Amino acid sequence: MSFPTIRARRTRQSDVWRRMVRETRLSPDALIYPLFVVPGEGVRHPVSSMPGIAQLSVDEAVKEAKAAAESGVPAVLVFAAPEHKDARASAALDPHGLAARAITAIKSACPRLSVWADVCLCGATDHGHCGHVLPDGAIDNDASIQTLAQVALNYARAGADAVAPSDMMDGRVQAIRRVLDRDGYSMTPIVSYAAKYASSFYGPFREAAESAPAFGDRRSYQMDPANAREALREVLLDVEEGADLVMVKPAGPYLDIIRQVRDAVRVPVVAYQVSGEYSLIKAAAERGWIDERAAVLETLTGIQRAGADLIITYFAPEVARGLRA
Ligand code: PBG
């Protein structure tokens, strides 16, 4: 049987039909909101390349987290840009460092909000790389994962509900799991940035997190955008090492990866709609070239349809408010 007996438009002809046969439904429950914390007090420093997003001092980050929680967003992801940067990433290891203080403050102000901590060295190192750097400029993978595990422990002690390593070093999930388990944090989940690509879409974030590498690039640890099989390998390795959730990042240009990962693992899959994806929509909307609200919902629906269970997005509170209205 075919046309004219079959007409696909029948179940598309009215809003009530479209509502009933919709396959993908966005919910605030799936959204995670990133926060950029900087030193000081009363600081709300707009990130010029990300309209609507600001670097926040701890007190302001608490306000922003409260507003996000009120909008219905269940979780925030904390990034810190400490003033002091050195080769050892001391600020990230310091129990009174910026990230640790932000986590504790947000957690005590919003006990029911899930506070995730990004675990990386790039925001706290003077060279801006995600791991330790050897004299010849190469990355010292095995020393880096020991430091990353201590950073994760520091954030777990500060009260983080999950630690999210974004460095892309080999073996870091296992190293973090061991240290957390040994020190009494066996119930702290690891959200692994498992398939993280060396992407041009991180540009605006590096302004917000003050984490651009001082030399070279991240291609010896982040993935080649051309590779899909390698993403599955990375994801399966991280699951084996003990990742509780796995992430694909960026999201929009990697929908095929999200789908393949969703089909390959049983843990929840997180997709990160990164800074550049946010800024593209904002820039086009500012010029009146695109309907922002519609474009945002379309991108998030596409990411969910591709297989993401959770989505990290700078649009989170706005979208959550819109979905509840
Ligand atoms: C740091 C980190 C980056 C992002 C999250 N964690 C940047 C990078 O790897 O250079 C990107 C987030 C975004 O662009 O929104 N390791």
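Keep in mind that what you see is a predicted model, and the values were worked out from it rather than measured. FYI, side chains are in, hydrogens and waters are out, and symmetry mates aren't considered; it's all heavy atoms of this structure. Just so you know, ligand 1 is whichever comes first in the structure, and atom 1 is the first atom listed for that ligand.
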Test item, M168 contacting ligand 1 (heavy atom, 4.0 angstrom): no
Would you check, one step at a time, whether the test side chain to side chain contact (heavy atoms under 4.5 Å, CB included) holds for T188 with D161? CA-CA 6 Å; T188 302; D161 294 293; over 6 Å; no
Ligand 1 atoms nearer than 4.0 angstrom to some heavy atom of Y314 are 12 (C), 13 (C), 15 (O)
Within the 4.0 Å heavy-atom shell around R206, which atoms of ligand 1 are there? 8 (C), 10 (O)
Which residue and atom name correspond to the protein heavy atom nearest atom 12 (C) of ligand 1, and how close is it? F205 CD1, 3.2 Å
I need the atoms of ligand 1 closer than 4.0 Å to a non-hydrogen atom of C122, numbered in the order shown. 1 (C), 16 (N)
Basic-acidic side-chain contact under 4.0 Å: R177, D244: yes
Can you get from L297 to I281 by hopping between Ile, Leu, Val, Met, Phe, Trp and Tyr side chains that sit under 4.5 Å apart? yes
Please list, in number order, the atoms of ligand 1 under 4.0 Å from a heavy atom of Y272. 12 (C), 15 (O)
Measure up the F205 and F36 rings against each other and bin them: parallel (under 30°), tilted (30 to 60°), perpendicular (over 60°). perpendicular
Going by the order shown, which atoms of ligand 1 are within less than 4.0 Å of some heavy atom of R218? 8 (C), 9 (O), 10 (O)
Salt bridge between K196 and E234, side-chain N to carboxylate O under 4.0 Å? no
Could you tell me the residue and atom name of the protein heavy atom closest to atom 14 (O) of ligand 1, and the distance to it rounded to 0.1 Å? S275 OG, 2.7 Å
D309/R262 ion pair, N-O < 4.0 Å: yes
R44 atom CZ, neighbour heavy-atom count above 12 within 6.0 Å: yes
At a 4.0 Å threshold, what atoms of ligand 1 neighbour a non-hydrogen atom of C130? 16 (N)
Those atoms of ligand 1 less than 4.0 Å from some heavy atom in F79: 5 (C), 6 (N)
Shortest heavy-atom approach to atom 6 (N) of ligand 1 - which of E207, K249, E277: K249
Pair Q222-S199, side-chain hydrogen bond (donor to acceptor under 3.5 Å, both in side chains): steps then yes or no: CA-CA 8 Å; Q222 299 180 349; S199 172; over 6 Å; no
Q222 heavy atoms, cut-off 4.0 Å: which ligand 1 atoms fall inside? 8 (C), 9 (O)
Nearest neighbour in protein (non-hydrogen) for atom 2 (C) of ligand 1: K196 NZ, 3.2 Å
Look at E60 together with K63 and state whether they make a salt bridge at an N to O cut-off of under 4.0 Å. yes
